[in-house]
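Just so you know, residue 1 is the first one in the sequence shown, and it goes up from there.
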Amino acid sequence: HITMAAMSEKPLLDLVAGARPNFMKIAPLVRALRADGRLAFRLVHTGQHYDREMNDVFFEELGIPQPDVRLGCGGGSHAEQTAKIMVAYEQLCQQARPAATLVVGDVNSTLACAIVAKKLCIPVAHVEAGLRSGDMSMPEEINRLVTDAISDWFFVTEPAGLAHLKREGKPDSAVFDVGHVMVDNVLYQAEKLKGMDTSGLETDAFKRANPRYAVVTLHRPSNVDGDDNLRRVAGVLNRVAQEVPILFAVHPRTRKNLETAGIALDPRITLVGPQPYMAFLHVWKDAALVLSDSGGLQEETTALGVPCVTMRENTERPITVDEGSNILAGTDPAKVLEACLQVLAGQGKAGRRPLLWDGKAAERIVNILAKNMGSGL
(Lines give C-alpha, C1' and ligand atoms only; values in the text may rest on other atoms or scores of the structure.)
Protein backbone atom coordinates (compact mmCIF):
# COMPACT_ATOMS: atom_id res chain seq x y z
CA HIS A 1 0.00 0.00 0.00
CA ILE A 2 2.97 2.37 0.30
CA THR A 3 3.07 3.49 -3.32
CA MET A 4 -0.69 3.49 -3.58
CA ALA A 5 -1.00 5.45 -0.35
CA ALA A 6 1.57 7.98 -1.51
CA MET A 7 -0.45 8.52 -4.68
CA SER A 8 -3.77 8.36 -2.85
CA GLU A 9 -5.46 11.33 -1.23
CA LYS A 10 -6.76 9.05 1.49
CA PRO A 11 -5.10 9.42 4.91
CA LEU A 12 -2.61 6.58 5.55
CA LEU A 13 -3.04 4.46 8.68
CA ASP A 14 -0.17 2.26 9.86
CA LEU A 15 -1.31 -1.04 11.40
CA VAL A 16 1.49 -2.36 13.62
CA ALA A 17 1.83 -6.05 14.53
CA GLY A 18 4.79 -7.77 16.13
CA ALA A 19 3.70 -11.23 17.21
CA ARG A 20 1.35 -13.88 15.89
CA PRO A 21 -1.53 -12.99 18.30
CA ASN A 22 -1.30 -9.36 17.13
CA PHE A 23 -2.28 -10.43 13.62
CA MET A 24 -5.48 -12.00 15.01
CA LYS A 25 -6.41 -8.53 16.29
CA ILE A 26 -5.25 -6.68 13.16
CA ALA A 27 -7.07 -9.00 10.70
CA PRO A 28 -10.62 -7.74 11.43
CA LEU A 29 -9.32 -4.16 11.09
CA VAL A 30 -7.84 -4.91 7.66
CA ARG A 31 -11.14 -6.43 6.53
CA ALA A 32 -13.09 -3.46 7.93
CA LEU A 33 -10.73 -0.91 6.34
CA ARG A 34 -11.12 -2.59 2.95
CA ALA A 35 -14.92 -2.61 3.28
CA ASP A 36 -15.07 1.00 4.48
CA GLY A 37 -12.70 2.50 1.90
CA ARG A 38 -12.15 5.95 3.48
CA LEU A 39 -8.56 5.26 4.68
CA ALA A 40 -5.45 3.82 3.06
CA PHE A 41 -3.49 1.43 5.27
CA ARG A 42 -0.04 -0.10 5.56
CA LEU A 43 0.42 -3.38 7.43
CA VAL A 44 3.73 -3.21 9.33
CA HIS A 45 5.21 -6.43 10.74
CA THR A 46 8.00 -5.52 13.16
CA GLY A 47 9.29 -9.11 13.17
CA GLN A 48 9.32 -9.14 16.99
CA HIS A 49 8.47 -12.84 16.88
CA TYR A 50 9.86 -14.80 13.97
CA ASP A 51 7.41 -17.63 13.44
CA ARG A 52 7.80 -20.11 10.60
CA GLU A 53 4.05 -20.80 10.86
CA MET A 54 3.38 -17.26 9.65
CA ASN A 55 3.43 -18.26 6.00
CA ASP A 56 1.05 -17.60 3.10
CA VAL A 57 -1.55 -19.99 4.54
CA PHE A 58 -1.52 -18.12 7.86
CA PHE A 59 -2.49 -14.84 6.18
CA GLU A 60 -4.99 -16.58 3.89
CA GLU A 61 -6.69 -18.11 6.95
CA LEU A 62 -7.01 -14.64 8.48
CA GLY A 63 -8.41 -13.22 5.24
CA ILE A 64 -5.67 -10.55 5.04
CA PRO A 65 -2.71 -9.82 2.74
CA GLN A 66 0.95 -10.38 3.56
CA PRO A 67 2.48 -7.43 5.49
CA ASP A 68 3.47 -4.45 3.31
CA VAL A 69 6.57 -3.85 5.41
CA ARG A 70 8.70 -6.28 7.43
CA LEU A 71 11.07 -4.52 9.81
CA GLY A 72 12.81 -7.79 10.79
CA CYS A 73 13.53 -6.81 14.40
CA GLY A 74 13.37 -10.20 16.16
CA GLY A 75 15.50 -11.52 19.01
CA GLY A 76 17.45 -9.91 21.83
CA SER A 77 16.51 -8.71 25.30
CA HIS A 78 13.46 -6.49 25.93
CA ALA A 79 15.63 -3.37 25.62
CA GLU A 80 17.45 -4.55 22.48
CA GLN A 81 14.24 -5.58 20.75
CA THR A 82 12.40 -2.37 21.66
CA ALA A 83 15.36 -0.25 20.50
CA LYS A 84 15.70 -2.11 17.18
CA ILE A 85 11.98 -1.67 16.45
CA MET A 86 12.11 2.04 17.34
CA VAL A 87 15.04 2.70 14.98
CA ALA A 88 13.47 0.74 12.11
CA TYR A 89 9.99 2.23 12.52
CA GLU A 90 11.34 5.77 12.74
CA GLN A 91 13.12 5.26 9.40
CA LEU A 92 9.90 3.96 7.85
CA CYS A 93 7.88 6.94 9.10
CA GLN A 94 10.47 9.36 7.75
CA GLN A 95 10.37 7.66 4.32
CA ALA A 96 6.57 7.61 4.11
CA ARG A 97 4.79 9.35 6.96
CA PRO A 98 1.43 7.91 8.05
CA ALA A 99 -1.47 10.13 9.14
CA ALA A 100 -1.82 7.94 12.26
CA THR A 101 -0.30 4.82 13.81
CA LEU A 102 -2.51 2.07 15.25
CA VAL A 103 -1.02 -0.36 17.78
CA VAL A 104 -2.73 -3.34 19.39
CA GLY A 105 -2.33 -5.11 22.71
CA ASP A 106 0.71 -4.96 24.93
CA VAL A 107 3.82 -6.41 23.26
CA ASN A 108 7.16 -4.60 22.84
CA SER A 109 6.21 -3.57 19.29
CA THR A 110 3.14 -1.79 20.69
CA LEU A 111 5.27 0.30 23.04
CA ALA A 112 8.13 0.93 20.56
CA CYS A 113 6.00 2.14 17.65
CA ALA A 114 3.74 4.25 19.88
CA ILE A 115 6.78 6.15 21.24
CA VAL A 116 8.25 6.70 17.77
CA ALA A 117 4.97 7.93 16.30
CA LYS A 118 4.26 10.27 19.20
CA LYS A 119 7.73 11.86 19.04
CA LEU A 120 7.18 12.47 15.32
CA CYS A 121 3.82 14.10 16.19
CA ILE A 122 1.89 11.28 14.51
CA PRO A 123 -1.38 10.51 16.37
CA VAL A 124 -1.46 7.11 18.11
CA ALA A 125 -4.51 4.82 18.34
CA HIS A 126 -4.34 2.02 20.93
CA VAL A 127 -6.66 -0.93 20.42
CA GLU A 128 -7.25 -2.88 23.66
CA ALA A 129 -6.49 0.20 25.75
CA GLY A 130 -7.03 0.51 29.49
CA LEU A 131 -6.39 -3.10 30.51
CA ARG A 132 -4.58 -3.38 33.85
CA SER A 133 -3.48 -6.41 35.88
CA GLY A 134 -1.86 -4.34 38.65
CA ASP A 135 1.16 -6.67 38.40
CA MET A 136 4.27 -4.62 37.59
CA SER A 137 6.36 -7.77 37.29
CA MET A 138 4.62 -8.45 33.96
CA PRO A 139 6.41 -6.76 31.03
CA GLU A 140 3.01 -6.47 29.33
CA GLU A 141 1.70 -4.30 32.19
CA ILE A 142 4.53 -1.81 31.71
CA ASN A 143 3.89 -1.75 27.95
CA ARG A 144 0.18 -1.07 28.56
CA LEU A 145 0.80 1.77 31.00
CA VAL A 146 3.39 3.53 28.84
CA THR A 147 1.40 3.13 25.61
CA ASP A 148 -1.76 4.51 27.20
CA ALA A 149 0.21 7.41 28.70
CA ILE A 150 0.93 8.76 25.19
CA SER A 151 -1.96 7.53 23.00
CA ASP A 152 -4.45 9.91 21.38
CA TRP A 153 -7.35 7.52 20.82
CA PHE A 154 -8.23 4.70 23.18
CA PHE A 155 -10.30 1.76 21.94
CA VAL A 156 -11.55 -0.19 24.95
CA THR A 157 -12.75 -3.79 25.11
CA GLU A 158 -14.52 -3.83 28.49
CA PRO A 159 -15.86 -1.58 31.29
CA ALA A 160 -12.78 -2.07 33.50
CA GLY A 161 -10.71 -0.39 30.76
CA LEU A 162 -13.01 2.64 30.79
CA ALA A 163 -12.65 2.94 34.58
CA HIS A 164 -8.84 2.70 34.49
CA LEU A 165 -8.52 5.35 31.78
CA LYS A 166 -10.92 7.70 33.58
CA ARG A 167 -8.90 7.31 36.79
CA GLU A 168 -5.72 8.05 34.83
CA GLY A 169 -7.23 11.32 33.57
CA LYS A 170 -7.90 10.50 29.93
CA PRO A 171 -10.50 12.77 28.29
CA ASP A 172 -13.87 11.12 27.66
CA SER A 173 -13.82 12.44 24.08
CA ALA A 174 -10.77 10.25 23.27
CA VAL A 175 -12.03 7.01 24.86
CA PHE A 176 -14.28 4.65 22.90
CA ASP A 177 -16.01 1.51 24.18
CA VAL A 178 -16.08 -0.50 20.95
CA GLY A 179 -16.03 -4.19 21.86
CA HIS A 180 -13.15 -6.48 21.00
CA VAL A 181 -11.37 -7.16 17.69
CA MET A 182 -10.09 -10.49 19.11
CA VAL A 183 -13.73 -11.56 19.36
CA ASP A 184 -14.41 -10.33 15.81
CA ASN A 185 -11.63 -12.65 14.70
CA VAL A 186 -12.65 -15.74 16.67
CA LEU A 187 -16.26 -15.47 15.43
CA TYR A 188 -15.03 -15.03 11.84
CA GLN A 189 -12.67 -18.02 12.11
CA ALA A 190 -15.21 -20.27 13.87
CA GLU A 191 -17.67 -19.60 11.05
CA LYS A 192 -14.95 -20.37 8.48
CA LEU A 193 -14.13 -23.62 10.30
CA LYS A 194 -17.70 -24.89 9.78
CA GLY A 195 -17.12 -25.19 6.05
CA MET A 196 -13.58 -26.56 6.25
CA ASP A 197 -12.25 -30.06 5.81
CA THR A 198 -10.56 -30.43 9.21
CA SER A 199 -9.06 -33.87 8.62
CA GLY A 200 -5.66 -32.35 7.78
CA LEU A 201 -5.41 -30.45 11.09
CA GLU A 202 -3.01 -31.91 13.64
CA THR A 203 -5.62 -31.75 16.41
CA ASP A 204 -8.32 -33.57 14.43
CA ALA A 205 -7.30 -37.15 15.29
CA PHE A 206 -7.31 -36.38 19.04
CA LYS A 207 -10.74 -34.75 18.77
CA ARG A 208 -12.22 -37.67 16.83
CA ALA A 209 -10.80 -40.21 19.28
CA ASN A 210 -12.10 -38.37 22.38
CA PRO A 211 -15.70 -37.15 22.44
CA ARG A 212 -15.11 -35.35 25.77
CA TYR A 213 -11.75 -33.81 26.64
CA ALA A 214 -9.83 -30.90 28.19
CA VAL A 215 -7.34 -28.56 26.51
CA VAL A 216 -4.36 -27.08 28.36
CA THR A 217 -2.01 -24.23 27.47
CA LEU A 218 0.45 -22.89 30.06
CA HIS A 219 3.43 -20.65 29.37
CA ARG A 220 3.95 -18.17 32.23
CA PRO A 221 7.21 -18.60 34.17
CA SER A 222 5.25 -18.84 37.46
CA ASN A 223 3.73 -22.07 36.12
CA VAL A 224 6.35 -23.67 33.89
CA ASP A 225 9.79 -22.47 35.00
CA GLY A 226 11.44 -24.32 37.89
CA ASP A 227 10.94 -27.91 39.02
CA ASP A 228 8.59 -27.00 41.89
CA ASN A 229 6.23 -25.05 39.64
CA LEU A 230 6.20 -27.82 37.05
CA ARG A 231 5.49 -30.48 39.68
CA ARG A 232 2.51 -28.44 40.91
CA VAL A 233 1.17 -28.19 37.36
CA ALA A 234 1.81 -31.88 36.63
CA GLY A 235 -0.07 -32.86 39.81
CA VAL A 236 -3.15 -30.93 38.65
CA LEU A 237 -2.98 -32.28 35.09
CA ASN A 238 -2.50 -35.90 36.18
CA ARG A 239 -5.55 -35.66 38.45
CA VAL A 240 -7.72 -34.00 35.77
CA ALA A 241 -6.59 -36.70 33.30
CA GLN A 242 -8.33 -39.27 35.51
CA GLU A 243 -11.60 -37.55 34.57
CA VAL A 244 -11.01 -36.70 30.90
CA PRO A 245 -8.20 -37.04 28.35
CA ILE A 246 -6.14 -33.87 27.92
CA LEU A 247 -4.58 -32.21 24.89
CA PHE A 248 -1.64 -30.14 26.19
CA ALA A 249 -0.29 -27.64 23.63
CA VAL A 250 3.15 -27.37 25.17
CA HIS A 251 5.99 -25.00 24.36
CA PRO A 252 9.24 -26.82 23.44
CA ARG A 253 10.98 -25.17 26.41
CA THR A 254 8.35 -26.51 28.83
CA ARG A 255 8.59 -29.99 27.30
CA LYS A 256 12.37 -29.87 27.81
CA ASN A 257 11.91 -28.69 31.42
CA LEU A 258 9.54 -31.62 32.08
CA GLU A 259 12.08 -34.09 30.68
CA THR A 260 15.03 -32.56 32.56
CA ALA A 261 13.14 -32.65 35.85
CA GLY A 262 12.02 -36.25 35.19
CA ILE A 263 8.35 -35.36 35.68
CA ALA A 264 5.98 -38.06 34.43
CA LEU A 265 2.64 -37.12 32.92
CA ASP A 266 -0.37 -39.43 32.81
CA PRO A 267 -0.64 -41.40 29.52
CA ARG A 268 -4.06 -39.80 28.96
CA ILE A 269 -2.27 -36.47 28.43
CA THR A 270 -1.34 -35.92 24.77
CA LEU A 271 1.47 -33.42 24.20
CA VAL A 272 1.50 -31.42 20.97
CA GLY A 273 3.61 -28.41 19.99
CA PRO A 274 2.24 -24.88 19.61
CA GLN A 275 -0.62 -25.05 17.10
CA PRO A 276 -1.62 -22.95 14.10
CA TYR A 277 -4.69 -20.85 14.86
CA MET A 278 -7.33 -22.95 13.08
CA ALA A 279 -6.00 -26.28 14.34
CA PHE A 280 -6.08 -24.99 17.91
CA LEU A 281 -9.51 -23.32 17.59
CA HIS A 282 -10.85 -26.58 16.12
CA VAL A 283 -10.01 -28.42 19.32
CA TRP A 284 -10.55 -25.90 22.15
CA LYS A 285 -13.94 -24.60 20.94
CA ASP A 286 -15.56 -27.95 21.80
CA ALA A 287 -13.57 -28.73 24.97
CA ALA A 288 -15.32 -29.62 28.21
CA LEU A 289 -12.64 -27.56 29.96
CA VAL A 290 -9.80 -25.21 28.98
CA LEU A 291 -7.05 -24.72 31.57
CA SER A 292 -4.74 -21.84 30.70
CA ASP A 293 -2.67 -18.87 31.86
CA SER A 294 -3.09 -17.00 28.57
CA GLY A 295 -4.68 -13.56 28.35
CA GLY A 296 -6.22 -13.96 24.91
CA LEU A 297 -7.69 -17.39 25.57
CA GLN A 298 -9.66 -16.03 28.54
CA GLU A 299 -11.46 -13.75 26.09
CA GLU A 300 -11.82 -16.21 23.24
CA THR A 301 -13.35 -18.88 25.49
CA THR A 302 -15.80 -16.29 26.84
CA ALA A 303 -16.70 -15.31 23.26
CA LEU A 304 -17.63 -18.92 22.43
CA GLY A 305 -18.98 -19.85 25.88
CA VAL A 306 -16.31 -22.48 26.62
CA PRO A 307 -15.56 -23.14 30.34
CA CYS A 308 -12.08 -21.79 31.15
CA VAL A 309 -10.03 -22.07 34.36
CA THR A 310 -7.22 -19.51 34.48
CA MET A 311 -4.14 -20.47 36.50
CA ARG A 312 -3.08 -16.96 37.49
CA GLU A 313 -3.36 -14.73 40.55
CA ASN A 314 -4.69 -11.77 38.56
CA THR A 315 -6.31 -10.89 35.28
CA GLU A 316 -6.34 -7.71 33.23
CA ARG A 317 -9.56 -9.00 31.61
CA PRO A 318 -12.07 -9.05 34.52
CA ILE A 319 -15.14 -9.05 32.25
CA THR A 320 -14.32 -12.69 31.38
CA VAL A 321 -14.80 -13.52 35.08
CA ASP A 322 -17.62 -11.06 35.88
CA GLU A 323 -19.74 -11.93 32.85
CA GLY A 324 -18.01 -14.66 30.87
CA SER A 325 -17.15 -18.34 31.28
CA ASN A 326 -13.73 -17.77 32.93
CA ILE A 327 -12.81 -18.77 36.49
CA LEU A 328 -9.74 -17.06 37.98
CA ALA A 329 -8.41 -19.88 40.16
CA GLY A 330 -5.03 -18.54 41.34
CA THR A 331 -1.92 -20.73 41.32
CA ASP A 332 -2.55 -22.89 44.40
CA PRO A 333 -2.83 -26.40 42.87
CA ALA A 334 -5.62 -27.45 45.26
CA LYS A 335 -7.80 -24.49 44.23
CA VAL A 336 -7.01 -24.92 40.52
CA LEU A 337 -7.90 -28.59 40.73
CA GLU A 338 -11.12 -27.86 42.63
CA ALA A 339 -12.18 -25.38 39.92
CA CYS A 340 -11.37 -27.87 37.13
CA LEU A 341 -13.29 -30.69 38.79
CA GLN A 342 -16.30 -28.43 39.38
CA VAL A 343 -16.39 -27.53 35.68
CA LEU A 344 -16.12 -31.17 34.65
CA ALA A 345 -18.93 -32.08 37.07
CA GLY A 346 -21.16 -29.54 35.33
CA GLN A 347 -21.01 -27.07 38.24
CA GLY A 348 -18.95 -24.41 36.44
CA LYS A 349 -20.46 -21.10 35.39
CA ALA A 350 -22.35 -20.69 32.12
CA GLY A 351 -21.40 -17.06 31.63
CA ARG A 352 -22.50 -14.96 28.67
CA ARG A 353 -20.87 -13.07 25.85
CA PRO A 354 -20.51 -9.36 26.80
CA LEU A 355 -22.81 -6.93 25.03
CA LEU A 356 -20.41 -5.34 22.50
CA TRP A 357 -18.52 -8.58 21.78
CA ASP A 358 -20.68 -9.00 18.69
CA GLY A 359 -18.11 -9.25 15.89
CA LYS A 360 -18.42 -5.58 14.87
CA ALA A 361 -15.68 -3.89 16.93
CA ALA A 362 -13.39 -3.35 13.93
CA GLU A 363 -16.19 -1.60 12.00
CA ARG A 364 -16.73 0.77 14.94
CA ILE A 365 -12.99 1.49 15.23
CA VAL A 366 -12.58 2.18 11.51
CA ASN A 367 -15.60 4.47 11.50
CA ILE A 368 -14.22 6.52 14.42
CA LEU A 369 -10.71 6.69 12.89
CA ALA A 370 -12.04 7.71 9.46
CA LYS A 371 -13.95 10.60 11.05
CA ASN A 372 -11.05 11.72 13.25
CA MET A 373 -8.27 11.29 10.68
CA GLY A 374 -10.35 12.94 8.00
CA SER A 375 -10.66 16.11 10.09
CA GLY A 376 -7.09 15.92 11.42
CA LEU A 377 -6.37 15.62 15.13
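Heavy atoms only, all atoms of each residue included: I26 and A17 are closest at CG1-CB, 4.1 Å. Shortest non-hydrogen contact noted between V309 and A329 is CG1-CB, 3.7 Å. Residues S199 and D204 approach most closely at CA-OD2, 3.5 Å, considering heavy atoms.
Counting only heavy atoms from C-beta outward, the side chains of W153 and I368 never approach each other to under 4.5 Å. Contact of the I85 side chain with the L111 side chain is not registered, since no non-hydrogen atoms from C-beta on lie closer than 4.5 Å. Counting only heavy atoms from C-beta outward, the side chains of F41 and V30 approach each other to under 4.5 Å. Two residues are said to be in side-chain contact when any heavy atoms from C-beta on lie closer than 4.5 Å; E363 and K360 meet this criterion. In this structure the side chain of R317 reaches within 4.5 angstrom of the side chain of E158, judged on heavy atoms. Looking at heavy atoms from C-beta onward, C340 lies in side-chain contact with L289 at the 4.5 angstrom threshold. Contact check for T101 versus L15: no side-chain heavy atoms found under the 4.5 Å cut-off. Side-chain contact between L165 and R132 is present, with at least one heavy-atom pair separated by less than 4.5 Å.
V250 and V272 fall into different hydrophobic clusters, where Ile, Leu, Val, Met, Phe, Trp and Tyr residues are linked whenever their side-chain heavy atoms come under 4.5 Å apart, directly or through other members. A single hydrophobic cluster is not seen to contain both M311 and F280; linkage of ILVMFWY side chains at heavy-atom distances under 4.5 Å, directly or through other members, places them apart. Residues L297 and M24 share a single hydrophobic cluster, defined by chaining ILVMFWY side chains whose heavy atoms lie under 4.5 Å apart. A chain of hydrophobic side-chain contacts below 4.5 Å, direct or via other Ile, Leu, Val, Met, Phe, Trp or Tyr residues, connects L218 to I327. I263 and I269 fall within a single hydrophobic cluster, where Ile, Leu, Val, Met, Phe, Trp and Tyr side chains are chained together by heavy-atom contacts under 4.5 Å.
At a threshold of 4.0 Å, the pair R353-D358 does not count as salt-bridged, since none of the basic side-chain nitrogens sits closer than that to a carboxylate oxygen. With salt bridges taken as basic N to acidic carboxylate O contacts below 4.0 Å, none links E168 and R144.
Considering K285, M182, Q189 as possible partners of E300, the one that fulfils the side-chain contact (heavy atoms from CB on, under 4.5 Å) test is M182. For the side-chain hydrogen bond (donor to acceptor under 3.5 Å, both in side chains) with H126, the qualifying choice from D106, T147, D148 is D148, the only one to do so.
Heavy-atom contacts from other residues, nucleotides or ligands closer than 6.0 Å to NZ of K166 number 12 or fewer. Within a 6.0 Å radius of CG in L355, no more than 12 heavy atoms belonging to other residues, nucleotides or ligands are found. Around the NZ atom of K335, the shell of radius 6.0 Å holds no more than 12 heavy atoms that belong to other residues, nucleotides or ligands.
To the nearest 0.5 angstrom, M86 atom CE is 13.0 Å from T46 atom OG1. The distance from atom CG of D286 to atom CZ of R212, rounded to the nearest 0.5 Å, is 13.0 Å. Here CG of L71 is found 9.0 Å from NE2 of H45. Values are rounded to the nearest 0.5 Å. In this structure, D177 CG and F155 CZ are separated by 11.5 Å, a value rounded to the nearest 0.5 Å. Rounded to the nearest 0.5 angstrom, L237 CG and R268 CZ are separated by 13.0 Å. Rounding to the nearest 0.5 Å places CG of D14 at 9.5 Å from CG of L43.
When only modelled atom types and interatomic distance are considered, N326 and T302 share no side-chain donor-acceptor pair under 3.5 Å. One side chain, N229 or R232, offers a donor N or O that lies under 3.5 Å from an acceptor on the other. When only modelled atom types and interatomic distance are considered, D36 and N367 share no side-chain donor-acceptor pair under 3.5 Å. Judged by distance alone, the side chains of T110 and N143 never bring a donor and an acceptor atom under 3.5 Å apart. Side-chain contact check for T320 and E299: no donor-acceptor pair (N or O, by modelled atom type) lies under 3.5 Å.
Looking only at distances, a side-chain donor or acceptor of S77 sits under 3.5 Å from a matching main-chain atom of E80. Using a distance-only test at 3.5 Å, with no hydrogens or angles considered, no donor-acceptor pair links the side chain of K119 to the main chain of E90. In terms of modelled atom types and a separation under 3.5 Å, the side chain of T203 and the main chain of A279 share a donor-acceptor contact. Under a 3.5 Å cut-off, the side chain of Q48 and the backbone N or O of Q81 do not form any donor-acceptor pair. A donor-acceptor distance shorter than 3.5 angstrom exists from the side chain of K207 to the backbone of H282, with no hydrogens or angles considered. Listed for the E141 side chain is a donor-acceptor partner under 3.5 Å among the backbone atoms of S133. A distance-only check finds no donor-acceptor pair linking the side chain of N257 to the backbone of D227 [under 3.5 Å].
For residues 329-367, the pairs satisfying ring pair (Phe, Tyr, Trp, His ring centres under 6.0 Å) are H180-W357, with sequence neighbours left out. Pairs passing the salt bridge (Lys or Arg N to Asp or Glu O under 4.0 Å) check and including a residue from residues 321-333, sequence neighbours excluded, read E323-R352.
The aromatic ring centroids of Y213 and F206 lie less than 6.0 Å from each other. The six-membered or imidazole ring of F23 lies near that of F59, with a centre-to-centre distance under 6.0 Å.
Listed by chain and number, the hydrophobic cluster partners of V107 come to none, as no ILVMFWY side chain reaches under 4.5 Å of it.
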